[in-house]
Q: 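Below: one structure in structure tokens.
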Amino acid sequence: ARLMDAGAAARVVAAMEAHAERDAGVAKQGCWAIWNLAFGSDNRKARLMDAGAAARVVGAMEAHAERDAEVAQQGCGAIRNLAGGSDDIRARLMDAGAAAR
């Protein structure tokens, strides 16, 4: 909770927005951070979604997952933890393209 209160969601999403589509390392670590930050309450998941986490995870996977299994693994974990939330969060994940191919 302290990390979320200190702005971790916005910071991770901003780093991913700036670098993850060009840098697989940032994509992997950003997805991993979102995976871990999304563990827990629906409130945490909603805060991540509000910060734009779903779009950043999807973007990272679109850019790197076919060539980098670690990005695929971390992205899937992030989506899995986010999807464990409410129906609204799952709908927002779908809207962000989390199930598209």
Side-chain angles (χ1 to χ4, degrees):
R2 288 177 47 196
L3 281 172
M4 292 295 285
D5 291 342
R11 193 170 300 268
V12 169
V13 168
M16 290 184 74
E17 186 171 353
H19 304 288
E21 290 189 16
R22 292 183 312 278
D23 186 318
V26 173
K28 177 177 68 172
Q29 294 300 320
C31 288
W32 179 81
I34 291 169
W35 179 352
N36 283 284
L37 290 169
F39 184 80
S41 72
D42 280 0
N43 183 333
R44 292 171 68 110
K45 293 168 180 51
R47 290 170 68 184
L48 283 158
M49 295 296 291
D50 290 344
R56 298 286 57 92
V57 170
V58 169
M61 291 181 73
E62 287 175 346
H64 303 289
E66 287 189 20
R67 295 178 310 280
D68 191 318
E70 290 182 351
V71 173
Q73 178 184 22
Q74 301 302 331
C76 288
I79 290 170
R80 181 193 67 215
N81 274 4
L82 288 167
S86 68
D87 289 340
D88 176 63
I89 291 171
R90 283 189 289 281
R92 291 170 67 188
L93 278 167
M94 295 295 287
D95 289 344
R101 172 77 180 129

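This chain uses plain numbering: 1 for the first residue, then up along the sequence. Computed from a prediction, not measured in an experiment: that's the story for all the values here.
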Q: Nearest 0.5 Å, what's the CZ-CD1 distance between R56 and I34?
A: 9.0 Å
Q: So, do K45 and S86 sit near enough that their side-chain heavy atoms are less than 4.5 Å apart?
A: no
Q: Under 3.5 Å, which donor-acceptor pairs do the side chains of residues 20-32 form with other protein atoms, sequence neighbours left out?
A:
{"residue": "R22", "atom": "NH1", "partner": "A18", "partner atom": "O", "Å": "3.3"}
{"residue": "R22", "atom": "NH2", "partner": "A18", "partner atom": "O", "Å": "2.7"}
{"residue": "D23", "atom": "OD1", "partner": "G25", "partner atom": "N", "Å": "2.8"}
{"residue": "D23", "atom": "OD1", "partner": "V26", "partner atom": "N", "Å": "3.1"}
{"residue": "K28", "atom": "NZ", "partner": "E70", "partner atom": "OE1", "Å": "2.7"}

Q: Any side chain to side chain donor-acceptor pair (under 3.5 Å) pairs touching residues 71-83, not counting sequence neighbours?
A: none
Q: Hey, any chance L3 and V57 share a hydrophobic cluster, counting ILVMFWY side chains that come within less than 4.5 Å of each other, even indirectly?
A: yes
Q: Any side chain to side chain donor-acceptor pair (under 3.5 Å) pairs touching residues 33-42, not counting sequence neighbours?
A: none
Q: Let me check something: do L37 and V58 share a hydrophobic cluster, defined by ILVMFWY side-chain heavy atoms less than 4.5 Å apart, either directly or through other members?
A: no
Q: For residues 90-99, tabulate all N or O donor-acceptor pairs below 3.5 Å that involve a side-chain atom, not counting sequence neighbours.
A:
{"residue": "R90", "atom": "NH1", "partner": "A83", "partner atom": "O", "Å": "2.9"}
{"residue": "R90", "atom": "NH1", "partner": "G85", "partner atom": "O", "Å": "2.3"}
{"residue": "R90", "atom": "NH2", "partner": "D87", "partner atom": "OD1", "Å": "2.4"}
{"residue": "R92", "atom": "NH1", "partner": "D50", "partner atom": "OD1", "Å": "3.3"}
{"residue": "R92", "atom": "NH2", "partner": "D50", "partner atom": "OD1", "Å": "2.8"}

Q: So if you build clusters from Ile, Leu, Val, Met, Phe, Trp, Tyr with side-chain heavy-atom gaps below 4.5 Å, do V12 and L82 land together?
A: yes
Q: Between L48 and M16, is there a shared hydrophobic cluster once you connect ILVMFWY residues whose side-chain heavy atoms come closer than 4.5 Å?
A: yes
